[in-house]
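Note that the structure is predicted; figures quoted are calculated from it, not measured. Every heavy atom of this structure was used, including side-chain atoms; hydrogens, water molecules and symmetry mates were not.
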Amino acid sequence: MSISSNVDARTSQLHAADSHDLIRVRGARVNNLKDISVEIPKRRLTVFTGVSGSGKSSLVFGTIAAESQRMINETYSAFVQGFMPTLARPDVDVLEGLTTAILVDQERMGANPRSTVGTVTDANAMLRIVFSRLAQPHIGSPQAYSFNVASVSGAGAITIERGGEKVKERRSFSVTGGMCPRCEGTGNVKDFNLEALFDAGKSLSEGALSVPGYSMDGWYGRIFGGTGFFDMDKPLGKYTKKELHDLLYREPTKVKVEGINLTYEGIIPKMQKSMLAKDVDAMQPHIRAFVERAVVFTTCPECAGTRLAEHARNSTINGVSIADACAMQISDLAAWVRSLEEPSVAPLLEALGETLDSFVDIGLGYLSLDRPSGTLSGGESQRTKMIRHLGSSLTDITYVFDEPTIGLHPHDIARMNTLLLQLRDKGNTVLVVEHKPEAIAIADHVIDLGPRAGSDGGEVVYQGSIEGLRASGTLTGKHLDDKVSLKDSFRKSTGAMEVRGANENNLKNVDVNIPLGMLTVVTGVAGSGKSSLIHGSVSGREGVVTVDQGAIRGSRRSNPATYTGMLEPIRKAFAKANGVKPALFSANSEGACPTCNGAGVIYTDLGMMAGVSTVCEECEGRRFQAAVLEYHLGGKNISEVLGMSVDAAEEFFRDGEAKLLAAHKILSRLADVGLGYLKLGQPLTTLSGGERQRIKLATHLGEKGGVYVLDEPTTGLHLADVEKLLGLLDRLVDSGKSVIVIEHHQAVMAHADWIIDIGPGAGHDGGNIVFEGTPAKLVASRATLTGQHLAAYVGA
């Protein structure tokens, strides 16, 4: 028999290893999943669809990806596992065929003020090595170019033992870092407005301090009174220099208060360590409002905001310093790196060039390496995380993406689709949670969850091809080819908000009048300057309510009732109806079950293994003491009320014995944004990204303001829910509000009264107003990328 016929005989028989071509899930019950089973083809691109809250993330992230990561962690030694996050096994009967999972989610990057686009990728590290080898004058190792390393030196005597004798020797050391000594590598300096910190006419006992959390009724009052450093009843305006210094600036000092040893520290250094240690954008709203009043941030006069010490700024390659390189648009920096021909660092230059090219390929070429990571949108953060995976040689990996088209203009979605297909074609399994029809269209396999959200979801309603989805009759299938026609009539402007000379980031002295009393949509490719214009020139104005993409924060004890402020009037209504204290109706206060402290479950820490949570036997998961559950309002106890859905609670508090206007208003807003299925007591940690954004929107709808700014409100919205959102926007405008929406979704553009298109490109190719007018005129002109894509969408 010939060699070729031998090969043919072998290949005709399926090898045992080749039979593992599916990821099999049996009996998944994470969150709202109802014992579902699916088979996902490997080395294919599978898209998971369904309304927000239908269970997509629970299946993909909470089940498949979570178990893959848990099993990989178990391959490490117990010692190493002790330093890793502990992961519990998902609630699922069988998971077979898993491969290593890499998650690329929507979570925005940490807002550490020292974190930049360059530091969160490998670009800055490689660039520092290049400068340490090629820059003149030579100043030292790569850390000499790092704004996170301070220059320090020291000398002293040490004692060492030689041949049984102790010998003293003098030793010295020095570290050359690149940190600017004035601003400590943050790029700005802080001045405190003392008038915003305290009222000079009051004493501490009278509540002179305006700093959030510094109440004299609690522990702080006892500390200040017990130090003996100042008179608690003396107005602060009459303090001596020493007393004022002790109150504001005193360095950490050991004191004894009421028999307890503790450390006292001045208010300003304490604020610097707590409030000012994080980026302003990451602060809670009330803390942020205080900081913006009390602290003036100005660009560091010594380093001009570059964060670098003088020696790092003066060391250059062909006249370009590392500060200049990091300030360049990444597409320009990539070209500059390619121009450096130096054989001694050729492999490093090639790797750096490929990393920078990846930024351009993924549509982030308009960023610069010195851009603070906390200022990136959710979509930009997600794509930045993708950088390290694009050039990877690994195959047979499972890549898991959570709505990778977030923040992308229709023009850029095709580029993202190409990248996802490239990952698949290298032999990887690509799992994508997605709502956009353009991204769903490239799927090899579709799994649709539903039929609705929350307790009405969690089932697989379709799996198969994209053509089959269209004919399936599911909610996704029905709306997959939805189009919104252009409006025939437009609202008339009631005035205008003037913006003059806007030059933040890439804006080029933009002048624009934003009409009031209308639905105005601001569009443009990612990085064109939309957010810079609106957040930089509109959001801070009086009467403007801004709902941005910032994540909402909350522990497993937080829920829709606590986050929206609804629980407060409910507790008071229960207290009034039963003649007891409101604190009894809080699972975080006096009414909490003493066994589980109001958590409803008992957590057992098992060291390096995943902790175990069991339902509390005392309260059976209700979180409250048995005595508290004897009190009723409208025939329901507090646990039963928190177990209601938003829709049921809205009806409950509308009229009758339980009529409660304050709670009903909040519930109506939650229903308006499509969250009627959520339970009032459902932990925030179980909500999807889209649900969190909409609960934030509902909360802000209650604020008093004439102008609402919404930043991509369609994020995480199913096709069927976009129509509801448009109805909500119409109701806002018809009630007398002005609504400004930063958006890429063509349905929202087509529904606008007025469009402001920014571009024509991204970065330094953008920053100009390229169109102002009605959607009909934009479609008719087709003069911009947005106009072309909107025309194709409406079929014009």
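Considering every non-hydrogen atom in both S132 and S141, the closest pair reads CB-C, 3.8 Å. When all heavy atoms of L642 and A561 are compared, the closest pair comes out as CD2-CB, 4.1 Å. Considering all non-hydrogen atoms of both residues, Y214 and K270 come closest at OH-CD, 3.2 Å. What you find for G201 and P235 is that their closest heavy atoms are O-CB, 4.0 Å. The minimum heavy-atom distance between A502 and V499, with the atom names listed, is CB-CG1, 3.8 Å. The shortest non-hydrogen separation linking G177 to H311 is O-NE2, 2.9 Å.
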### Query
Stepwise, does the side chain to side chain contact (heavy atoms under 4.5 Å, CB included) test hold for F585 with V580?
CA-CA 10 Å; F585 303 98; V580 292; 3.6 Å; yes

### Steps toward ring-ring contact (aromatic ring centres under 6.0 Å, His included) verdict (F229, F224)
CA-CA 8 Å; F229 294 146; F224 283 127; 9.8 Å; no

### Task
Go through the steps to decide whether E265 and T253 satisfy the test side chain to side chain contact (heavy atoms under 4.5 Å, CB included), and finish with yes or no.
CA-CA 6 Å; E265 189 173 16; T253 307; over 6 Å; no

### Task
Run the numbers on L204 and Y239 for side chain to side chain contact (heavy atoms under 4.5 Å, CB included), then give the verdict.
CA-CA 11 Å; L204 288 174; Y239 270 22; 3.7 Å; yes

### Task
Please assess K202 against L209 for the test side chain to side chain contact (heavy atoms under 4.5 Å, CB included), listing each intermediate value before the final yes or no.
CA-CA 9 Å; K202 291 182 178 178; L209 297 181; over 6 Å; no

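Within the 3.5 Å criterion, the main-chain N or O of L369 finds a donor-acceptor partner in the side chain of T116. Remark: side-chain polar atoms of R128 are not paired, donor with acceptor, to backbone N or O of Q143 under 3.5 angstrom. The closest donor-acceptor contact from the side chain of T186 to the backbone of C183 lies under 3.5 Å. A donor-acceptor distance shorter than 3.5 angstrom exists from the side chain of D324 to the backbone of S321, with no hydrogens or angles considered. No donor-acceptor pair under 3.5 Å is formed between the side chain of R250 and the backbone N or O of G266. Side-chain atoms of T699 come within 3.5 Å of backbone N or O of I695 as a donor-acceptor pair. A donor-acceptor distance shorter than 3.5 angstrom exists from the side chain of N506 to the backbone of G527, with no hydrogens or angles considered. Distance alone, capped at 3.5 Å, is enough to place a donor-acceptor pair between the Q625 side chain and the A592 backbone. Side-chain atoms of S153 never come within 3.5 Å of backbone atoms of F173 as a donor-acceptor pair (strictly under, hydrogens ignored). Here the side chain of T306 pairs a donor or acceptor atom with the backbone of C303 at under 3.5 angstrom.
Ring planes of F131 and Y145: tilted class, angle from 30 to 60°.
Side chains of V601 and C616 form no contact here, defined as non-hydrogen atoms less than 4.5 Å apart. By the 4.5 Å heavy-atom criterion applied to side chains, M566 and L670 are counted as neighbours. Contact of the L197 side chain with the M271 side chain is registered, since non-hydrogen atoms from C-beta on lie closer than 4.5 Å. Under the 4.5 Å side-chain criterion, counting only non-hydrogen atoms from C-beta, Y708 is not in contact with L697. Proximity of L194 to I268: side-chain heavy atoms (C-beta onward) are separated by under 4.5 Å at one or more points. Between T263 and P252 there is a side-chain heavy-atom pair separated by less than 4.5 Å. Taking the side chain as every heavy atom from C-beta outward, H700 and V547 approach each other to under 4.5 Å. Contact annotation: the side chain of S373 never approaches that of V117 to less than 4.5 Å [non-hydrogen atoms, C-beta and beyond].
Atom CG of D199 is separated from atom CD of E206 by 9.0 Å, given to the nearest 0.5 angstrom. Atom CG in L660 sits 9.0 Å away from atom CG in L667 (nearest 0.5 Å).
Just one residue in the list V544, T546, I514, D711 forms a side chain to side chain contact (heavy atoms under 4.5 Å, CB included) with I534, and that residue is I514.
Other residues, nucleotides and ligands place more than 12 heavy atoms under 6.0 Å from the CD atom of E504. For E169, the CD atom sits in a packed shell: over 12 heavy atoms of surrounding residues, nucleotides or ligands are nearer than 6.0 Å. Remark: F192 CZ is packed, more than 12 non-hydrogen atoms of other residues, nucleotides or ligands lying under 6.0 Å away. Shown here is K665, whose NZ atom has no more than 12 heavy atoms of other residues, nucleotides or ligands within 6.0 Å.
S146 and N148 share no donor-acceptor pair across their side chains, judged by distance under 3.5 Å alone. A donor atom on one side chain and an acceptor atom on the other are found under 3.5 Å apart for D233 and S205. For the residue pair N588 and R557, a side-chain donor N or O sits within less than 3.5 Å of a side-chain acceptor on the partner.
With salt bridges taken as basic N to acidic carboxylate O contacts below 4.0 Å, none links K238 and E243.
Applying the salt bridge (Lys or Arg N to Asp or Glu O under 4.0 Å) criterion to E310, with sequence neighbours excluded, gives no partner residue.
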